[in-house]
Student: 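Structure below; questions to follow.
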There are 2 protein chains.
Amino acid sequence: MLELSFNQETVHKLLQASDKPLKAYNILFETQKLGIKSPTQVYRALDKLIELGKVHKIESKNAFVACSKINCSNQNSTFFLICDTCENIIELEDQKITDQLNKTCEQYGSKYKNHTIEISGTCSDCN
Amino acid sequence: MLELSFNQETVHKLLQASDKPLKAYNILFETQKLGIKSPTQVYRALDKLIELGKVHKIESKNAFVACSKINCSNQNSTFFLICDTCENIIELEDQKITDQLNKTCEQYGSKYKNHTIEISGTCSDCN
DNA sequence: CATGTAATGTTATATTATTACATTAATAAA
DNA sequence: TTTATTAATGTAATAATATAACATTACATG
């Protein structure tokens, strides 16, 4: 799996070109001119891209963004600042937060696998 | 708004009685015998309960849990440990994490409003 | 008891996501 | 280079999640 397939590449490029998270059906509409025809195709591409760490799902918005790092693994300390006003999104890493979460998990005897961390607010431009 | 309405109470009680997050349509099926008839009614009750801090939405699962504290406000430091295996969920608060997140927001000039923090893994019983 | 707000009931529909199954492409092992 | 295997595709149908719209009823409070 060195290279992305056509559908994967198409979806990935669209996400990379966007400064906001995109919803699956918006991705579908945008890529229909390029040959993608059904939701299934979009979701399959997204699944793969997420697995590869090239795309993240924003759970609180049911939307998807291209990874802004080189390539995230699932085990990363990634989290998001999301602007309520302009929908801009910043992807961040902070080992301190992940360490703290790990510590908490240990206290409860839980084995940490991965996380969703999404902060809503207003970005510097909007407040 | 001292007391919950019938629909709100019905949905709240069901969630309180459950040790797992419940999905909206499961709530609907369970409460149909009690008089609730449509998705709208369930979602309306959930919206209100969330607003009151009596229920939380688990974004990564599109499911809902009763707040295990007295009553969370939205500004709380709440987060969740979710077991992938048994679906058990633990609601926690940790001011340190929230402080850290706030600090990060400040660095980016963002104004923190609220957050979604969901940790997946396996609980002490399942690992 | 009038008035405004909150909640309800009901129907329809929008949005998000998956299943199922047949086919084609790509990879790599014999 | 054929064959086996895995990955990706195409297509249609449908499941699961959530909201819109509008008419009505309950209810707090001034």
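Each chain gets a letter, A, B and so on, in the order its sequence line appears, and its residues count up from 1. Since we're looking at a predicted model, the values are computed, not measured.
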Student: Write down the distance between CZ (A:Phe29) and P (C:dT16), rounded to a whole number of angstrom.
Tutor: 9 Å
Student: Hey, is B:Tyr25 doing a stacking thing with D:dT17, by the 5.5 Å centroid and 30° angle criteria?
Tutor: yes
Student: Nearest-Å distance, CG (B:Asn7) to C1' (C:dA6)?
Tutor: 12 Å
Student: Within the pair A:Tyr43 and C:dA17, is there a side-chain N or O less than 4.0 Å away from OP1 or OP2?
Tutor: yes
Student: Between A:Lys48 and A:Glu51, is the closest basic N to carboxylate O distance under 4.0 Å?
Tutor: yes
Student: Out of C:dT10, D:dA8, C:dA17, which nucleotide sits closest to the side chain of B:Thr40?
Tutor: C:dT10
Student: By nearest atom, which of the nucleotides D:dA20, D:dA8, C:dA7 is closest to the A:Gln8 side chain?
Tutor: D:dA8
Student: Looking at A:Gln41, does any N or O in its side chain come under 4.0 Å of the phosphate oxygens OP1/OP2 on D:dT11?
Tutor: no
Student: Taking N and O atoms by type only, does the side chain of A:Ser38 place a donor or acceptor under 3.5 Å from a partner on the base of D:dA12?
Tutor: no
Student: When you look at B:His56 and B:Phe80, which way does the ring pair (Phe, Tyr, Trp, His ring centres under 6.0 Å) test go after all the steps?
Tutor: CA-CA 10 Å; B:His56 301 292; B:Phe80 300 93; 5.6 Å; yes
Student: For B:Phe6 and D:dT25, give me the distance from atom CZ to atom C1', rounded to whole Å.
Tutor: 16 Å
Student: Regarding B:Lys61, tell me which of base, sugar-phosphate or nothing describes its non-hydrogen contacts under 4.0 Å with the strands shown.
Tutor: nothing
Student: Give the rounded distance in Å between these two atoms: NZ of B:Lys23 and P of C:dT16.
Tutor: 15 Å
Student: Expressed in angstrom and rounded to an integer, what is the separation of A:Arg44 atom CZ from C:dA22 atom C1'?
Tutor: 12 Å
Student: Report yes if at least one side-chain N or O of B:Lys57 is closer than 4.0 Å to OP1 or OP2 of D:dA18; otherwise report no.
Tutor: yes
